[in-house]
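Below is one structure, written out as structure tokens; the observations come after it.
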Amino acid sequence: MKDLDRFAITEAVLEQMAGTPDPRLRRIIESAVRHLHDFAREVELTPEEWLAGIAFLTAVGQACTAHRQEFILLSDVLGLSRLVNVMHDARSRAEGATETSLLGPFYREDPPEVPLGGSLARAATDGNRKEILLFGRVTDAGGEPVPGAVMDLWQTNAEGLYDLQGEDPSAVDMRGRLRCDAEGRYHVRTVKPRGYSVPMDGPVGRLVRLQGRHGHRPAHIHVLVSAPGYQELVTALYFADDPHVESDTVFGVSGSLVVSERTGLPDAPRPDLPAVRYDFRLSPLAAGAEGGRVGADPSRIAEAARSG
Ligand code: BEZ
Ligand code: FE
């Protein structure tokens, strides 16, 4: 009988798991066990802290519903979602293609169609809402237009709320689907979004507060672009003048995705509006390319959890 001291326990666990038939599962769990044990040794984890951790994870699970994914939020605020995104990009993004960003929890499948030049805002704009134009092209990584590209856009309103967070979560606003023209051009009117706080009323919000963090995401517009023969692009454009653009709680911002609205841009289809010009560059769909979004509709995750 081996003495399972603070180091031998790790080897004993790895030995028992060594026969895992699926090699990828074996590699992932082996590595997780090594790092988990190293972590416990490094911080000298006490029984009270271990139990507090178990209670925290239990609360995270209990906060998950078909409309809310507290585990993804935990992954987001710990930077794990960003890390997985960056590694996925490094493996699959063509040189010159647009960088990706987090899908987030507010994506809705099949948003309403918006004609080119139409508006994402259903309600009329008033003094508090700054109407802007977003325009540009969808091209391949080398800058050649991609005909037939479809763009889904979604964002908060001028108050910093998604439609899903309103009194009637079935109401649709500030989102839409555009179909680019034959040269890959698009233009759409919208209201300048406002930055917002990630949900702070659950266990992840409590953790963020305990850490003295602000919990804010800078103002952004989410964009999902798809076209036959190209990889789906999930990204977002972030506004440079938002006070949290350098300190996003979920680490979604990349320099190449930061924009500002300006008047007098050449070839803006609506010269009367402040405009953001952005060209989205797609990666080709290589044979055997990984699919995958860093994010999913929470109801799909709940379904997958139920079916084991
Ligand atoms: C979002 O961009 O919608 C989002 C991303 C991560 C956590 C919360 C919100
Ligand atoms: Fe968002």
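Whatever order the structure lists them in is the order used to number ligands and atoms, beginning at 1.
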Q | Heavy-atom side-chain proximity of V198 to D76 below 4.5 angstrom | A |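 No, their side chains stay 4.5 Å or more apart.
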
Q. Are the side chains of L102 and F251 in touch, meaning some heavy atoms are under 4.5 Å apart?
A.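 SC-SC contact between L102 and F251 ruled out.
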
Q: Output the set of protein residues with a heavy-atom contact under 4.0 Å to ligand 1, ordered first by chain identifier and then by residue number.
A: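 Within 4.0 Å of ligand 1, protein side: L73, D76, G104, P105, F106, Y162, Y196, V198, R217, H220, H222, V250.
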
Q: Would you confirm whether T249, through its side chain, and H216, through its main-chain N or O, come within 3.5 Å as a donor-acceptor pair?
A: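 Here the side-chain-to-backbone pair exists.
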
Q) Between H220 and P218, is there a donor-acceptor pair closer than 3.5 Å when you use the side chain of the first and the backbone of the second? A)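 A pair under 3.5 Å: yes.
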
Q: Enter the distance from F239:CZ to E261:CD here, rounded to the nearest 0.5 Å.
A: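 CD of E261 is found 6.0 Å from CZ of F239.
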
**Q.** Distance filter under 2.8 Å, centred on the Fe ion (ligand 2) - protein N, O or S atoms that pass it
**A.**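 Counting only protein N, O or S atoms under 2.8 Å from the Fe ion (ligand 2), the list reads Y162 OH, Y196 OH, H220 NE2, H222 NE2.
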
Q) What heavy-atom pair brings D279 and R137 nearest, and what distance separates the two atoms? A)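 Where D279 meets R137 most closely, the heavy atoms are OD1-N, 2.9 Å.
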
**Q.** Basic-acidic side-chain contact under 4.0 Å: D163, R108
**A.**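 Salt bridge present between D163 and R108.
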
**Q.** R217/D242 ion pair, N-O < 4.0 Å
**A.**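 The answer is no: the pair does not qualify as a salt bridge.
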
(Q) Hydrogens and angles aside, do S101 and Y238 bring a side-chain donor and acceptor to less than 3.5 Å of each other? (A)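 Yes - a donor-acceptor pair under 3.5 Å links their side chains.
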
